[in-house]
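The structure appears right after this line, and notes come after that.
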Amino acid sequence: MKKLILILLVIPVLFACSRGDAITKSIEAQAIHDHERCHLCGMMITKYPGPKGQLHLKGEEIVPKFCSTRDMFNFSLQAENQRQISALMVHDMSATEWAHPDDKYFIDATQAWYVYGTSRKAVMGPAVASFATEEGAVQFAKEFGGAVLGYEQITLELLAGG
């Protein structure tokens with residue numbers, strides 16, 4: 001009986017410890033280096049203008065990087081990939097230049113705002129320009145055209161139409 005009580009007391013402690021480790025582990029964007037290739041299409045990532053993307057996979061050290069936010073979404077929105085992803089990152093284009101986005105301006109893609117259908121060109125079709133704030137996206141859309149969308153509005157159907 002004493003062993004049973006001891007086991008019942010230890011189990012909650014084990015769960016608390018493992019849950020705490022998961023919460024404190026922060027996910028940070030990684031720099032994209034000159035010779036890295038897009039995880040989806042194989043193109044050189046830094047050779048082209050516009051926002052880039054990267055994602056973090058559950059339990060993996062590898063960080064797939066993409067030559068465009070469009071390619072990142074085309075990969076991440078596929079049903080077989082969605083459950084493997086722990087974080088998505090995109091450039092905040094209101095904080096960095098279009099021609100050569102600076103990797104210190106990566107933001108959480110799920111909290112970002114997007115402009116789709118802009119006249120600004122990126123690689124692999126119409127740009128999906130990413131911004132940290134709705135105001136940044138609206139200002140960009142006024143200047144370069146396109147529709148302002150939230151993260152949940154970016155779909156495979158939308159991307160296939162452009």
Side-chain angles (χ1 to χ4, degrees), residues 22-23 25-162:
I23 293 170
K25 184 178 179 183
S26 79
I27 296 176
E28 294 183 20
Q30 292 185 4
I32 298 173
H33 302 289
D34 287 341
H35 300 289
E36 286 189 276
R37 293 185 175 274
C38 180
H39 186 75
L40 187 67
C41 70
M43 295 176 73
M44 299 291 283
I45 297 173
T46 60
K47 186 176 179 180
Y48 302 95
K52 316 297 182 221
Q54 63 180 255
L55 53 88
H56 296 259
L57 301 170
K58 295 175 184 171
E60 297 291 330
E61 293 293 319
I62 188 171
V63 175
K65 299 172 186 174
F66 300 87
C67 63
S68 67
T69 51
R70 181 184 191 86
D71 273 12
M72 182 200 69
F73 278 116
N74 274 317
F75 179 87
S76 67
L77 291 173
Q78 294 175 28
E80 64 271 17
N81 296 332
Q82 288 180 342
R83 66 180 168 272
Q84 300 174 44
I85 298 169
S86 60
L88 295 161
M89 311 292 268
V90 294
H91 283 116
D92 176 6
M93 297 312 295
S94 61
T96 188
E97 64 180 279
W98 190 265
H100 303 285
D102 189 327
D103 294 338
K104 69 181 177 186
Y105 296 108
F106 268 113
I107 58 173
D108 179 350
T110 66
Q111 302 300 309
W113 289 87
Y114 298 90
V115 177
Y116 183 74
T118 176
S119 63
R120 296 294 306 258
K121 296 300 173 201
V123 64
M124 304 301 283
V128 183
S130 46
F131 299 88
T133 65
E134 184 178 15
E135 297 82 1
V138 168
Q139 183 61 39
F140 183 86
K142 283 181 184 175
E143 189 172 345
F144 299 105
V148 175
L149 305 169
Y151 170 76
E152 296 294 330
Q153 294 174 288
I154 306 294
T155 64
L156 288 174
E157 293 78 22
L158 173 76
L159 299 174

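In this text, all values refer to a predicted model and were calculated from it rather than measured experimentally.
- The side-chain heavy atoms of V123 and D71, taken from C-beta on, include no pair separated by under 4.5 Å.
- For the side chain to side chain contact (heavy atoms under 4.5 Å, CB included) test, residues two or more places apart in sequence or in another chain that qualify with T133 are E135.
- When all heavy atoms of L77 and I154 are compared, the closest pair comes out as CD1-O, 3.5 Å.
- Put simply, CD1 on I27 and CE on M89 are 8.0 Å apart, with the number rounded to the nearest 0.5 Å.
- Between the side chain of E143 and the backbone N or O of Q139, no donor-acceptor pair lies under 3.5 Å.
- Side-chain atoms of R37 and M43, non-hydrogen and from C-beta on, never get closer than 4.5 Å to each other.
- The backbone N or O of R83 lies less than 3.5 Å from a partner atom in the side chain of K58, making a donor-acceptor pair.
- Contact annotation: the side chain of T69 approaches that of P51 to within less than 4.5 Å [non-hydrogen atoms, C-beta and beyond].
- Side-chain atoms of V63 and L55, non-hydrogen and from C-beta on, never get closer than 4.5 Å to each other.
- The minimum heavy-atom distance linking A109 with Y151 is given by the pair O-CD1, 3.3 Å.
- Taking a 6.0 Å sphere around CD of Q78, one finds it holds more than 12 heavy atoms contributed by other residues, nucleotides or ligands.
- The side-chain hydrogen bond (donor to acceptor under 3.5 Å, both in side chains) pairs that include a residue from residues 100-110 are H91-D103, D108-T110, where partners are two or more places apart or lie in different chains.
- Closest heavy-atom contact between V115 and G145: CG1-O, 3.4 Å.
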Open item on the list: Checking N74 against L156 for the side chain to side chain contact (heavy atoms under 4.5 Å, CB included) test, could you report, in this order, the C-alpha distance in whole Å, the side-chain angles of both residues, the deciding distance, and whether it holds?
Closed with: CA-CA 6 Å; N74 274 317; L156 288 174; 3.6 Å; yes
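- Legend: residues meeting side chain to side chain contact (heavy atoms under 4.5 Å, CB included) with H39, ordered by chain and number and at least two apart, are P64, F66, F75.
- Counting only heavy atoms from C-beta outward, the side chains of R70 and Y116 approach each other to under 4.5 Å.
- Side-chain N or O atoms of T118 include none that pairs as donor or acceptor with a backbone N or O of G146 at under 3.5 Å.
- Annotation for A141 and V148: closest pair CB-CG2, 3.8 Å, computed over non-hydrogen atoms.
- Looking at residues two or more places apart in sequence or on another chain, you find a ring pair (Phe, Tyr, Trp, His ring centres under 6.0 Å) between F140 and W98, F131, F144.
- The two atoms that bring G53 and F106 nearest to each other are CA-CE2, 4.3 Å, heavy atoms only.
- Side-chain atoms of Q54 and M72, non-hydrogen and from C-beta on, never get closer than 4.5 Å to each other.
- Listed here is the closest heavy atom pair of S130 and Y114: CB-CE2, 3.5 Å.
- With hydrogens and angles disregarded, no donor-acceptor distance shorter than 3.5 Å links the side chain of E36 to the backbone of K65.
- By the side chain to side chain contact (heavy atoms under 4.5 Å, CB included) test, Q153 pairs with L149, sequence neighbours left out.
- Looking only at side-chain heavy atoms (C-beta outward), P101 and M93 come within less than 4.5 Å of each other.
- Residues satisfying the salt bridge (charged side-chain N to carboxylate O under 4.0 Å, His left out) criterion with K52, sequence neighbours excluded, are absent altogether.
- A distance-only check finds no donor-acceptor pair linking the side chain of D92 to the backbone of I107 [under 3.5 Å].
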TODO: Assess whether side chain to side chain contact (heavy atoms under 4.5 Å, CB included) is satisfied between I45 and C38, documenting all intermediate values.
DONE: CA-CA 6 Å; I45 297 173; C38 180; 4.3 Å; yes
